[in-house]
Amino acid sequence: DLIVHVRDITHPETILQKATVLSVLKNLNLPSYLLDSMVEVHNKVDLIERYKPTEENALAISALHGHGLEELKEEIEKKILTATGKKILTVNVNLEGPQLSWLYKEATVQEVEVMPEDGTARVKVIIGNSAFGRYRNLFPN
């Protein structure tokens, strides 16, 4: 669903390496949308003082120090959701009903926050459009 190209930005041949990787990917006859949505990651930025990517949409990270990893995670999540036609939603469910069980079967449940005072829960899910449509039809409230 997604290509993440991680480069050692400190390598003296990093530009040539990028060109080689792109050439190989193009020769694999991958769909153009996959190449167009590729995430470009510049790693080892901790070794270059005040590093700023010159390439548009490149993410600067230091895997060693954890710098930029949260932004990378968010970018990957956003692109995967777009590529797969899914979204992240928080829905309120009645714990006495079948909604929570249905969500566990038909979606990816990420988090459940139970409200014991009223027997409900806030459920954060990753769900496709068609599954969410079925959910709304089955549980209109």
Side-chain angles (χ1 to χ4, degrees), residues 1-95 97-141:
D1 294 318
L2 180 65
I3 297 171
V4 179
H5 181 205
V6 180
R7 292 169 50 197
D8 173 353
I9 206 64
T10 66
H11 192 283
E13 299 294 332
T14 189
I15 302 294
L16 180 60
Q17 288 176 336
K18 177 182 179 178
T20 302
V21 167
L22 291 178
S23 175
V24 168
L25 290 173
K26 286 179 181 156
N27 287 335
L28 292 174
N29 294 318
L30 298 172
S32 60
Y33 74 86
L34 200 52
L35 294 172
D36 294 340
S37 67
M38 181 169 56
V39 176
E40 177 80 18
V41 181
H42 295 178
N43 190 25
K44 297 190 180 179
V45 298
D46 55 299
L47 300 178
I48 301 175
E49 195 171 325
R50 294 190 191 117
Y51 179 78
K52 292 268 189 239
T54 56
E55 298 170 39
E56 190 177 333
N57 298 323
L59 298 171
I61 71 162
S62 167
L64 180 64
H65 297 289
H67 169 77
L69 295 182
E70 193 58 37
E71 293 84 357
L72 175 59
K73 179 183 160 207
E74 289 170 9
E75 183 67 13
I76 290 172
E77 185 175 85
K78 182 176 81 172
K79 296 252 179 147
I80 289 288
L81 291 173
T82 299
T84 59
K86 294 185 179 181
K87 54 185 147 199
I88 297 176
L89 297 173
T90 300
V91 293
N92 293 320
V93 301
N94 181 340
L95 292 173
Q99 293 98 320
L100 187 57
S101 175
W102 190 93
L103 287 170
Y104 269 107
K105 285 185 216 158
E106 302 294 330
T108 302
V109 175
Q110 290 193 306
E111 191 176 299
V112 178
E113 181 185 351
V114 175
M115 309 325 173
E117 61 277 356
D118 62 0
T120 65
R122 276 197 269 277
V123 183
K124 183 177 175 186
V125 295
I126 300 173
I127 191 166
N129 291 328
S130 62
F132 186 59
R134 290 191 309 274
Y135 177 84
R136 287 197 330 228
N137 285 339
L138 289 168
F139 313 108
N141 297 331

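Within the structure, every pair that satisfies the salt bridge (Lys or Arg N to Asp or Glu O under 4.0 Å) test and touches residues 98-115, not counting sequence neighbours, is listed here: Glu106-Arg134, Glu113-Arg122. Sorted by first and then second residue, the salt bridge (Lys or Arg N to Asp or Glu O under 4.0 Å) pairs involving residues 49-61 (not counting sequence neighbours) are Arg7-Glu55, Lys18-Glu55.
Partners of Asn129 under the side-chain hydrogen bond (donor to acceptor under 3.5 Å, both in side chains) rule, at least two apart in sequence or in another chain, are Lys87. Legend: residues meeting side-chain hydrogen bond (donor to acceptor under 3.5 Å, both in side chains) with His67, ordered by chain and number and at least two apart, are absent. With sequence neighbours left out, the ring-ring contact (aromatic ring centres under 6.0 Å, His included) criterion links Phe132 to no other residue. Residues satisfying the side-chain contact (heavy atoms from CB on, under 4.5 Å) test with Asn43, not counting sequence neighbours, are Val6, Ile61, Ala63. Taking Tyr51 as the reference, His42 meet the side-chain hydrogen bond (donor to acceptor under 3.5 Å, both in side chains) condition, with sequence neighbours excluded. Thr10 is linked by a side-chain hydrogen bond (donor to acceptor under 3.5 Å, both in side chains) to Asp8, counting only residues two or more places apart in sequence or in another chain. For Glu71, the salt bridge (charged side-chain N to carboxylate O under 4.0 Å, His left out) test picks out no residue, with sequence neighbours left out. Listed by chain and residue number, nothing satisfies the side-chain contact (heavy atoms from CB on, under 4.5 Å) test with Thr82 (two or more places apart in sequence, or in another chain). Legend: residues meeting side-chain contact (heavy atoms from CB on, under 4.5 Å) with Thr84, ordered by chain and number and at least two apart, are Asp1, Ile80, Lys86. Under the side-chain contact (heavy atoms from CB on, under 4.5 Å) criterion, Val109 pairs with Leu103, Tyr104, Val112, Val123, Val125, not counting sequence neighbours.
No donor-acceptor distance shorter than 3.5 angstrom exists from the side chain of Ser23 to the backbone of Ala19, with no hydrogens or angles considered.
Annotation: side chain of Asn57 is not in contact with side chain of Glu40 (no heavy-atom distance under 4.5 Å). Counting only heavy atoms from C-beta outward, the side chains of Trp102 and Val93 never approach each other to under 4.5 Å.
Between Ala60 and Pro53 the shortest heavy-atom distance is CB-CG, 4.0 Å.
Salt bridge status for Glu74 with Lys78: absent, with no side-chain N to carboxylate O gap under 4.0 Å.
If you take CZ on Phe139 and CG on Asn92, they are separated by 14.0 Å, rounding to the nearest 0.5 Å.
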